[in-house]
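Here the structure is laid out as structure tokens; the discussion comes afterwards.
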Amino acid sequence: MTQREALQQQAEQRQQVLDAFSHHLLVCAGLGCLHNDEIIKALRKEIAAQGLEQQILVRKAGCMGLCALGPLVLVLPDAVYYQTVTPQDAGEIVAALGKEPVQRLLLPADLPFFSKQQKKVLALSGRIDPENIDDYLAAGGYASAVNAITAMSPPEILRIVGESGLRGRGGAGYPTGLKWATVAQAAGERKYLICNADEGDPGAFMDRSVLESTPHAVLEGMLIAAYAVGAHTGFIYVRAEYPLAVKRLQLAIREAERNRLLGQGVCGTSFDFTVQLRLGAGAFVCGEETALIESIEGRRGTPRPKPPYPAENGLWGSPTLINNVETYANIPLIIARGAAWFAAQGTEQSKGTKVFALTGRIKHAGLVEVPMGMTLREIVFEIGGGIPDGHAFKAVQTGGPSGGCIPAEHLDAPISYESLSALGSIMGSGGMIVMDDTSNMVDIVKYFMEFCMEESCGKCVPCRVGTAQIHSLLQKFCDRQASADDLAALETLCDLVKTTSLCGLGQSAPNPVLSTLKYFRQEYLDRMADPSGPHQEGQL
Amino acid sequence: MPTPPSDLHLQDKRWETIDRVMRRHDFRQDALIETLHAAQDAFGYLDADTLRHIAARLKTPPSKVYGVVTFYNHFKTKPKGEHTLVVCTGTACHVKGNDRVLAWMEEHYQLKPGDTTTDNRISLLEVRCVGACALAPVVIADGSIIAKKSLAESTAMIREWLNDAA
Amino acid sequence: MTPIPPHPPETAQTLNLTINGRQVSAQAGETILEAARANDIFIPTLCFLEGLSAQGSCRLCMVEIAGSAKLHPACVTRIQEGMEVTTETERLRDYRRNIIELLFSERNHVCAVCVASGHCELQDLASELGVDHISFPCRYPTLAVDASHRRFVLDHNRCILCTRCVRVCAEIEGAHTWDVKNRGIRSLIMADFDAPWGDSETCTGCGKCVHVCPTGALFEKGLAVAEMRKQRPALPTLVANRATEQR
Amino acid sequence: MKKLRFATLWLDGCSGCHMSLLDLDQRLLDLADMVDFVYSPLVDVKIFPEGVDVACVEGAVSSAEDEEKLRMVRRRTGLLIALGDCAVTGNIPAMRNVLGGQKILQGVYLEREHLNAQIPASHLPALNEHALPLHRFVPVDFFIPGCPPSADTLFAALGALVAGRAVDLPALTRFGA
């Protein structure tokens with residue numbers, strides 16, 4: 001029996017096991033659903049007490065998205081969601097199986113949070129047990145990788161990824177196919193693959209959730225990429241602050257190795273690919289690819305000037321492919337369904353779907369996946385349910401601490417790399433933080449600048465000193481001691497830091513200031529020293 | 001050359017785990033960060049003797065080791081208190097008021113992020129986003145999450161926890 | 001640090017480019033800075049020092065390249081056939097001036113009482129670029145002076161974190177006594193495990209760091225204001241000699 | 001031609017810049033041909049007059065009194081020149097800024113004084129927390145760095161200003177020169 005057939009059989013066996021149960025209770029076991037382990041225990045205890053172990057299966061699952069109303073429990077095949085479940089609800093939930101659902105806990109079936117989304121990357125998230133490779137196999141997992149490695153040539157894969165129009169989901173939106181082709185063509189005996197899971201943007205948890213929910217999808221994407229570019233060693237650089245993601249990745253790597261999906265002779269072919277984890281250590285700048293490489297090499301995570309790009313001269317001087325978690329997670333889908341299927345979603349230049357972490361002053365905070373081109377208004381007001389407690393929307397900040405703040409008048413802008421950039425923001429990795437009328441923009445921007453200042457590696461002068469200078473200027477505004485000169489200096493410094501900094505962190509650090517100077521200038525003016533009052537400039 | 005660390009320190013069983021990590025990387029210099037993780041997991045923090053030993057084993061210049069240790073927020077060169085309160089200062093938690101939790105901690109317990117009480121009982125730490133933004137604001141007391149609470153609620157819970165802990 | 005690989009001599013090929021409208025030719029693999037200097041075209045630099053790895057961190061050598069909206073650091077950007085480089089524009093001058101001002105504002109630079117006054121690259125560049133005052137508020141950090149070494153002193157107040165000392169010690173002397181601790185605005189040069197210089201177990205006392213330091217941050221003891229003349233060691237010669245000896 | 005009304009002011013500095021002015025020697029006569037000295041520590045006038053054309057200010061701003069004087073000079077003057085490093089960058093007086101005003105007073109008058117240790121308070125202007133350059137308080141039109149700028153520099157700079165010519169200051173002077 002070939003490896004391919006063996007995996008097929010394993011998947012079928014698992015499916016038979018799953019099919020043997022009349023009901024499945026999937027409990028979200030993501031970081032965001034607190035006490036999920038107790039809920040699982042309570043459900044199992046209840047089922048055992050009623051002797052229903054053969055009929056009802058309780059499964060640990062990945063993130064279901066609506067973290068604001070967690071812990072969530074999904075009942076299959078009914079596709080009923082229960083919200084804010086506690087262990088005490090176990091009896092009622094089990095009793096209601098096959099009958100009327102528990103109204104008290106029921107999430108409305110037509111909630112736009114679910115109906116407006118198009119889950120592709122997240123399709124299996126919350127539907128399978130992330131700690132069980134058989135669950136992933138049964139859901140069709142690894143079929144793309146096996147097919148790619150046993151039946152496709154690397155150029156064929158490069159062509160499909162290129163034609164799909166997929167762009168890097170880590171922030172800059174570089175065409176993935178182009179990057180892969182560069183690495184594939186780069187001269188060098190040894191090539192490396194890196195998965196950037198150093199999701200450092202405060203307010204963003206897309207990668208954490210994908211890693212916690214479908215770690216095998218990321219491994220599968222990496223495997224396909226490695227085969228396509230000719231890399232035999234891969235690294236996943238993941239934040240140490242994500243212990244659950246780390247644990248599930250470790251487990252996933254072990255299980256993939258045991259099933260000969262990683263290691264020597266993948267799928268019985270002569271292709272070798274091993275994956276190792278590297279833990280980040282709390283430095284936002286390591287999300288920048290060259291800094292990440294420095295960090296894997298055991299050094300201070302300071303970025304290197306580009307060019308040379310990692311695709312030509314990366315880890316230990318070898319051609320290196322770096323993509324982020326969500327980018328890799330898209331690959332198995334593209335291989336399975338084809339470039340045309342992927343390219344049919346999204347906008348002309350930004351194809352596919354994008355996962356966003358919707359947080360801040362919003363009703364339905366959580367993880368969402370929408371096609372590119374959806375408007376911010378739809379995301380915030382329909383999927384997100386709008387602003388709670390009767391407050392008014394003020395701005396949505398996309399792209400993490402170095403993204404821009406987009407005001408209400410641009411809520412109808414469609415989400416794409418181009419449109420966000422035109423609005424003075426960035427796609428970033430997908431953080432989306434909603435602010436309402438209780439937020440003061442100058443305070444918020446000072447918070448972002450403090451973040452950038454503290455996370456600046458200190459290597460280049462404009463970012464090291466410039467962010468600190470901008471931060472003190474913003475402090476002057478907060479203290480109502482700023483002058484017109486300070487406003488001018490703020491603009492000069494932002495331009496300097498943006499234009500001359502060495503890496504993306506510095507180059508984008510002024511974005512929050514620049515976007516709020518554009519859209520919320522009055523808030524700066526309101527916080528200047530009273531020109532008729534005593535001259536305060538000397539006060540530092 | 002750097003002086004070898006004291007033997008007493010090395011007799012600690014925990015060094016076996018750390019040595020295993022270094023061996024897995026053939027004692028290459030690029031194992032530094034992985035080794036520091038292992039050492040901090042084992043000892044709770046990285047003291048001078050630990051760093052000396054790691055530098056010697058990985059044949060890495062001391063200044064390079066210290067440069068790495070001080071670059072990354074995660075590495076601590078001082079022991080933590082017996083109990084830790086972690087305040088998430090990610091954007092979502094900031095927007096929802098964790099800055100005021102920090103101010104409250106300073107006002108009521110004279111603790112700033114990174115500080116440990118003089119009796120070594122409690123440490124206050126801040127982290128840049130634990131990634132549980134939908135639960136904002138998030139405070140973690142000895143590993144258990146306090147989430148989605150108002151300032152009054154969360155400070156009351158912290159006070160209770162501190163009283164139990166201290 | 002990104003050591004630029006040595007130019008491959010066999011494939012050395014002459015490329016033509018223009019710098020400030022002037023036709024110049026240079027070897028493939030050379031940087032814009034090398035090509036400019038070979039043709040006596042001045043581009044300001046601080047972190048760059050011939051013989052050390054280039055790291056492109058001071059951002060003073062940023063130049064414009066036709067067809068690119070971004071600015072490019074001349075010290076790490078390789079020339080290409082037909083490249084049109086501009087090293088002097090009002091915009092570049094403004095950015096360079098601002099960067100010099102940022103450096104002055106970062107720490108406590110008091111030229112009037114500095115041993116290196118008159119022989120300081122930061123002071124010279126301020127003059128060269130017409131920086132006649134510091135428009136940003138100075139930060140006045142409290143920083144130590146390490147005079148624990150028998151012959152040398154490290155004054156953090158005058159350090160601009162160019163890391164020439166770190167690189168010369170690691171790459172040329174091979175001691176790697178120096179490195180940077182902390183990060184961002186809190187970065188500091190330090191020896192060993194943050195030891196006083198005099199207690200360093202790795203320092204060979206060679207003094208190269210002192211002489212490559214562009215400011216008065218590293219200097220010899222016993223000198224008064226303006227007396228510290230830096231004698232740049234001939235680093236390319238050192239590198240070449242060592243390569244010959246080790247062959 | 002009507003002569004320019006010229007003034008100089010001495011704030012927190014060592015008076016070295018004014019010494020440079022005196023160093024002009026016989027060229028002082030040339031200067032006197034070009035301008036009228038209407039106020040200066042070097043002349044016997046007690047009140048800074050209105051309608052001054054050019055004022056050179058030496059020294060950093062270190063006290064409330066310095067601040068007040070500077071603002072008054074700015075109001076009454078057309079062209080304000082920061083003369084010398086203390087006025088331009090804060091220079092030596094600003095070396096105390098790493099400690100702050102109160103700490104420096106304590107250190108000097110209390111901690112290192114054994115006889116009758118006390119901080120002089122009466123009849124003295126309060127020390128600001130930081131000694132700062134002029135442009136942190138008022139707009140400055142022209143900066144002449146140097147510690148002190150040489151007599152040649154001053155003569156060239158002032159001569160050019162009076163004549164309305166451009167002057168290449170960096171060629172003449174620099175910080176610390």
Side-chain angles (χ1 to χ4, degrees), chain A residues 282-285 290-291 293-294 297 299-308 313 317 450-473 475-476 485-486 488-490 492-493 495-503 505-507 537-540, chain C residues 1-5 31 46-47 53-62 64 69-78 80 91-92 94-107 134-141 160-163 166 179-189:
Chain A
F284 175 67
V285 69
T290 60
I293 287 172
E294 290 281 317
E297 292 179 3
R299 285 198 281 265
R300 293 166 60 85
T302 55
R304 306 170 179 175
K306 292 188 279 191
N313 183 343
E450 184 179 343
F451 178 87
C452 291
M453 173 177 84
E454 285 179 5
E455 296 298 334
S456 166
C457 78
K459 181 174 178 174
C460 79
V461 182
C463 177
R464 181 181 76 233
V465 196
T467 53
Q469 285 284 7
I470 294 174
H471 182 259
S472 5
L473 279 172
Q475 185 65 55
K476 273 178 106 173
D485 284 353
D486 291 322
L490 193 60
T492 304
L493 278 166
D495 175 44
L496 178 77
V497 175
K498 191 180 172 83
T499 314
T500 64
S501 288
L502 194 155
C503 82
L505 189 156
Q507 288 161 12
E537 267 179 73
Q539 308 287 324
L540 283 183
Chain C
M1 271 170 274
T2 315
I4 296 184
T31 62
L46 264 179
C47 65
S53 62
Q55 58 169 12
S57 67
C58 75
R59 316 308 278 172
L60 282 171
C61 70
M62 301 291 266
E64 293 176 4
K70 289 209 277 190
L71 303 180
H72 302 264
C75 69
V76 291
T77 307
R78 299 197 182 285
Q80 281 171 14
R91 175 176 174 235
L92 289 173
D94 282 348
Y95 285 139
R96 288 170 185 160
R97 262 199 294 258
N98 282 335
I99 288 169
I100 294 286
E101 290 181 43
L102 282 182
L103 283 172
F104 271 102
S105 77
E106 185 180 17
R107 296 193 175 180
I134 316 302
S135 48
F136 312 119
C138 292
R139 298 178 51 79
Y140 306 117
I160 57 168
L161 295 167
C162 67
T163 70
V166 176
D179 211 314
V180 181
K181 75 164 175 178
N182 306 334
R183 68 183 187 211
I185 195 74
R186 293 180 299 116
S187 303
L188 287 171
I189 298 294

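All heavy atoms count here, side chains included; hydrogens, waters and symmetry mates do not. In what follows, chains are A, B, ... by sequence order, proteins preceding strands, each numbered from 1.
- Between chain A and the options C/Lys70, C/Lys181, C/Arg186, the largest number of non-hydrogen pairs under 4.5 Å is found for C/Lys181.
- Proximity to chain A (any heavy atom under 4.5 Å) is restricted, for C/Arg139, to the side chain, taken from C-beta onward.
- One distance of note links OG1 of A/Thr492 with CG of C/Asp94; it measures 9.0 Å at 0.5 Å rounding.
- Within the 4.5 angstrom heavy-atom criterion, only backbone atoms of C/Asn182 (N, CA, C, O) approach chain A.
- When each of C/Leu60, C/Leu161, C/Thr77 is checked for heavy-atom pairs under 4.5 Å with chain A, C/Leu161 comes out on top.
- Nearest heavy atoms, C/Ser187 versus A/Gly458: OG-CA, 4.1 Å.
- Atom CZ of C/Arg59 and atom OG1 of A/Thr499 lie 11.0 Å apart (nearest 0.5 Å).
- C/Arg183 places no side-chain N or O within donor-acceptor distance of the main-chain N or O of A/Glu455, the cut-off being under 3.5 Å.
- When all heavy atoms of C/Val180 and A/Arg300 are compared, the closest pair comes out as O-NH1, 2.7 Å.
- Nearest heavy atoms, A/Lys459 versus C/Ser57: O-CB, 3.3 Å.
- Inter-residue side-chain proximity for C/Phe136 and A/Val465 is flagged as unmet; no heavy-atom pair is nearer than 4.5 Å.
- The OG1 atom of A/Thr500 sits 8.0 Å away from the CG atom of C/Leu102 when rounded to the nearest 0.5 Å.
- Across every non-hydrogen atom of A/Leu502 and C/Gly56, the tightest pair is CD1-O, 3.3 Å.
- Looking at heavy atoms from C-beta onward, C/Gln55 lies out of side-chain contact with A/Cys460 at the 4.5 angstrom threshold.
- Of the two parts of C/Ile160, only the backbone, made up of N, CA, C and O, holds a non-hydrogen atom closer than 4.5 Å to a non-hydrogen atom of chain A.
- For a residue to count as touching a neighbouring chain, one of its non-hydrogen atoms must lie under 4.5 Å from one of that chain's; by this rule C/Arg91 touches chain A with the side chain only.
- Proximity to chain C is limited to the side chain of A/Leu493, based on heavy atoms less than 4.5 angstrom apart.
- Looking at A/Ser501, the atoms closer than 4.5 Å to chain C (heavy atoms on both sides) all sit in the backbone: N, CA, C or O.
- Expressed to the nearest 0.5 Å, how far CD of A/Gln469 lies from CD of C/Glu106 amounts to 9.5 Å.
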